[in-house]
Number of protein chains: 2
Amino acid sequence: MDPTATILDLHQLRRSCGSCALHELCLPGGITAEELIQLDATVRDKRTLDRGDTLYREGDSFGALYVVRSGSLKTFVQDEDGQMQILGFHLPGEIVGVDALASDRHMSQAEALERSSICELPYTRLQKVVAEVPALNRQLMRIISREVVEEHRHMVVMGKQPAQERLAIFLASLADRYNRLQRDGTRLTLTMSRSDIANYLGLVVETVSRVFTRMEEIGVLEVNRKAVRILQPEQLASLCGMNSRPDLQRKDAS
Amino acid sequence: MDPTATILDLHQLRRSCGSCALHELCLPGGITAEELIQLDATVRDKRTLDRGDTLYREGDSFGALYVVRSGSLKTFVQDEDGQMQILGFHLPGEIVGVDALASDRHMSQAEALERSSICELPYTRLQKVVAEVPALNRQLMRIISREVVEEHRHMVVMGKQPAQERLAIFLASLADRYNRLQRDGTRLTLTMSRSDIANYLGLVVETVSRVFTRMEEIGVLEVNRKAVRILQPEQLASLCGMNSRPDLQRKDAS
DNA sequence: CGCCGCCTTGATAACCGTCAATTCTAGTGG
DNA sequence: CCACTAGAATTGACGGTTATCAAGGCGGCG
């Protein structure tokens with residue numbers, strides 16, 4: 001709509017790591033200004049992706065790691081017959097492409113859920129820099145480790161949780177990440193489709209829809225298409241662990 | 001039984017990375033002999049764990065990464081009320097402890113499934129070495145990435161597969177890893193309990209038991225307590241993707 | 001304005017989890 | 001050597017949560 005939007009966006013894209021809003025979340029976290037300059041040099045470009053655009057596909061040869069700068073991505077795998085499994089949704093400050101380090105080939109696909117901008121870190125350059133800046137290497141490891149922790153959390157969800165709990169955990173986790181980004185964690189924008197959410201949680205889309213409805217009925221959420229408002233954060237939190245505490249099964253019908 | 005076993009084991013433990021049987025699978029993969037010497041220096045000790053021993057617990061402060069040298073481990077998380085979720089089983093050559101890099105605290109627990117020996121890589125030392133040996137840093141990344149890929153595969157399993165397929169994939173994956181270790185991939189030794197397997201796959205122990213029985217009935221496996229023999233590897237492989245190809249539902253009853 | 005995809009809602013059934021009993025194994029002691 | 005026990009694994013009957021199938025509503029976009 002606004003014709004200047006694109007231009008502004010381009011300006012933003014050209015900002016260096018030092019002035020990036022993600023400064024603390026991204027690789028620069030905890031390194032000196034001097035070291036930062038070196039990192040800046042490794043960031044090749046800051047690509048812009050439109051909704052549905054693919055950042056990399058399974059089988060692509062590995063060239064770079066990517067950091068989400070704005071917008072959001074989903075990563076997923078697809079088996080031969082087209083069945084897909086979503087591995088994660090990625091918000092600004094999060095890294096994608098790590099799974100390609102093992103075999104020099106991407107083992108998943110990354111796709112933009114909305115218009116997004118991405119920092120590309122060509123791996124050969126990145127390697128050189130991290131060799132010279134140990135703190136940066138440490139930070140890179142830290143970020144990758146964060147991915148692993150996040151995946152472990154997801155396994156707990158997929159392991160043996162009822163549907164309502166899965167969705168509650170998903171929303172609470174999203175709210176957390178919003179907070180880290182200094183966004184309002186009570187007003188979520190679900191850039192992914194319902195079936196993406198369902199797939200990610202190991203459910204079908206109908207179940208997700210039903211649970212949304214139920215949560216709205218009990219007053220925890222206000223759902224409006226992609227806009228979700230968390231009305232009772234505490235109760236949402238309690239829904240995250242309910243099945244293990246039978247006495248909390250019923251809602252506040254004291 | 002053999003009184004010399006312990007002594008031999010101790011000798012083995014003292015062997016350096018250079019002579020380790022896991023040479024190609026472990027960190028040393030693809031680095032020079034010279035660089036290897038530096039790595040040897042970082043490996044503090046090679047600890048021995050008995051069945052049930054804990055390598056680290058959730059919350060422990062992070063000191064080292066660990067490589068399984070022999071035996072096998074399980075890693076898992078436990079929420080407040082004691083519910084556990086197994087994250088993975090780890091065979092020789094595989095690394096554990098990566099999830100601690102993010103926060104300097106272990107976010108899971110690692111426990112030996114049998115008598116195992118473990119290479120401990122104190123992280124401060126490891127950092128120094130990888131700073132000096134880029135190839136080693138690369139290799140470390142590669143191994144961590146392998147973990148991530150493995151976890152992605154597991155998410156596909158947990159996502160939406162029927163019970164039989166889950167177990168089939170689990171066994172096939174184990175067989176693969178046996179092959180990489182140059183063991184006979186058709187004769188598996190399940191060092192973990194049935195309920196460990198069930199938990200890992202997001203099922204209950206009864207279901208796992210039933211599926212084992214069914215697989216034995218159709219002649220794919222021969223199950224004897226912890227010893228599993230894969231009689232028809234091809235058919236096992238077909239069971240891994242059956243639900244999506246209806247025409248393969250029935251076995252070769254041509 | 002009208003199509004089309006996404007989401008929602010409802011009815012039915014299946015797979016798997018729960019509960020309960022039995023068998024098997026390994027470890028212990030008589 | 002064998003009986004005994006405790007824990008693990010198996011087997012069976014049943015029920016519940018969620019998938020499946022089917023239809024209808026809503027919003028976006030040409």
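Chain letters run A, B, ... following the sequence lines, proteins first and then strands; every chain starts at 1.
In this structure, CD of A:Glu165 is placed 10 Å from P of D:dT18, rounded to the nearest angstrom. Residue A:Leu201 contributes atom CG, which lies 19 Å from atom P of D:dT17 at whole-angstrom precision. Between B:Leu190 atom CG and C:dT25 atom P the separation is 16 Å, expressed in whole Å.
Contacts classified as salt bridge (Lys or Arg N to Asp or Glu O under 4.0 Å) and involving residues 213-241 of chain B (residues at least two apart or in different chains) are not found.
Side-chain contact of A:Ser108 with A:Asp99: a donor-acceptor pair under 3.5 Å is present, judged by distance alone.
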* To do: Sugar-phosphate means primed atoms, P, OP1 and OP2; the rest is base. With that split, encode nucleotides 6-20 of chain C 5' to 3' as B, S or - using protein heavy atoms under 4.0 Å.
  => -SBBBB----SSBBB
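The pair A:Arg51-A:Glu111 does not meet the salt-bridge criterion, since no charged nitrogen lies less than 4.0 angstrom from a carboxylate oxygen.
Because its NZ or CZ atom is both nearer than 6.0 Å to the ring centre of A:Phe212 and within 45° of the ring axis, A:Arg194 counts as a cation-pi partner of that residue. Because its NZ or CZ atom is not both nearer than 6.0 Å to the ring centre of A:Tyr56 and within 45° of the ring axis, A:Arg105 does not count as a cation-pi partner of that residue.
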